[in-house]
Amino acid sequence: QESGARKFKQQHMDSNSRHLPNSNYCNKMMKKRKMTVDACKPVNTFVHESLTDVKAICNQRNIRCKNGQNNCHKSRSSMRVTDCRLTNGSRHPNCKYRTSPAKRQIIVACDKNRVPVHLDA
Ligand code: PAP
């Protein structure tokens, strides 16, 4: 497995969390998934759908990504996600996050093997 796909799963996939997250969800998950090691990653989203369903987004038509590349794809259906946003005044290594559950279509960038490597929106 290429590193981009592995990193995507580590940073963005949490399939087996099928109920609403509690307010501590992001504090725990951002640490557990190694996004608070060197610095507090400011914003990150976890997707609570199966890896199969998220990989299938790569089969949707190509659209432009925020960085101008054209390897992005938008999910047909809305997906259960949790947004984690660093709180004001939070200082490394005490990274504190606001946990916001949502349901929306997501946009992923896929590599040449048609697997997600980046969450664009
Ligand atoms: P993210 O999913 O939180 O955005 P990020 O580390 O920014 O994570 O991006 C993951 C990888 O997707 C990056 O590669 P790297 O891990 O080797 O640094 C990034 O280069 C890659 N990538 C591929 N396509 C795109 C794209 N269209 N836009 C942004 N990143 C992309």
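Whatever order the structure lists ligands and atoms in, that order sets their numbers, starting from 1. FYI, the numbering just counts along the sequence from 1.
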Is the closest protein non-hydrogen atom to atom 14 (O) of ligand 1 under 4.0 Å?
->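 No, no protein heavy atom sits under 4.0 Å from atom 14 (O) of ligand 1.
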
With a 4.0 Å cut-off, strictly under, does atom 26 (C) of ligand 1 pick up any protein heavy atom?
->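 Given the 4.0 Å limit, the answer for atom 26 (C) of ligand 1 is yes, a protein heavy atom qualifies.
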
[X] heavy atoms, cut-off 4.0 Å: which ligand 1 atoms fall inside?
| X | answer |
| --- | --- |
| Ala109 | 24 (N), 25 (C), 26 (C), 27 (N) |
| Val117 | 10 (C), 11 (C), 12 (O), 23 (C) |
| Cys65 | 27 (N) |
| Gln69 | 24 (N), 25 (C), 26 (C), 27 (N) |

Would you kindly specify which portion of Asn71 sits under 4.0 Å from ligand 1, judged on non-hydrogen atoms: side chain, backbone, both or neither?
->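 Under 4.0 Å from ligand 1, Asn71 contributes side-chain atoms alone.
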
Using a 4.0 Å heavy-atom threshold (strictly under), name the region of His118 that reaches ligand 1: side chain, backbone, both or neither.
->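 Near ligand 1, His118 shows its backbone as well as its side chain.
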
[X] side chain to [Y] backbone, donor-acceptor under 3.5 Å:
| X | Y | answer |
| --- | --- | --- |
| His118 | Ala109 | no |
| Arg85 | Val43 | no |
| Ser90 | Asn94 | yes |
| Lys66 | Asp120 | yes |

Tell me: protein heavy atom nearest [atom], and distance?
| atom | value |
| --- | --- |
| atom 28 (N) of ligand 1 | Asn67 ND2, 2.9 Å |
| atom 2 (O) of ligand 1 | His12 NE2, 2.7 Å |
| atom 18 (O) of ligand 1 | Lys7 NZ, 3.9 Å |
| atom 8 (O) of ligand 1 | Gln11 NE2, 3.5 Å |
| atom 3 (O) of ligand 1 | Lys41 NZ, 2.7 Å |

So is Asn44 polar-close to ligand 1, meaning N/O to N/O under 3.5 Å?
->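 No - when backbone and side-chain N and O of Asn44 are compared with those of ligand 1, no distance drops under 3.5 Å.
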
Does an N or O from Leu119, backbone or side chain, lie closer than 3.5 Å to an N or O of ligand 1?
->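 N/O-N/O distance under 3.5 Å: yes.
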
Evaluate the disulfide bond (SG atoms under 2.5 Å apart) criterion for residues Cys72 and Cys110: first the C-alpha distance (whole Å), next the side-chain angles of each, then the deciding distance (0.1 Å), finally the verdict.
-> CA-CA 6 Å; Cys72 278; Cys110 302; over 6 Å; no

Report yes or no: do Tyr25 and Met30 belong to one cluster of Ile/Leu/Val/Met/Phe/Trp/Tyr joined by side chain heavy-atom distances under 4.5 Å?
->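 Yes, it is one cluster - the side chains of Tyr25 and Met30 are joined through contacts under 4.5 Å.
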
Could you give me the CA-CA distance, side-chain angles and deciding distance for Asp14 and Lys32, then say whether salt bridge (charged side-chain N to carboxylate O under 4.0 Å, His left out) is met?
-> CA-CA 12 Å; Asp14 186 22; Lys32 181 176 173 195; over 6 Å; no

Which heavy-atom pair separates Arg98 from Thr87 by the least distance, and what is that distance?
->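 Scanning both residues completely, I find the closest heavy atoms to be N-CG2, 3.8 Å.
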
Report yes or no: does a heavy atom of Lys66 sit under 4.0 Å from some atom of ligand 1?
->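 False for this residue.
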
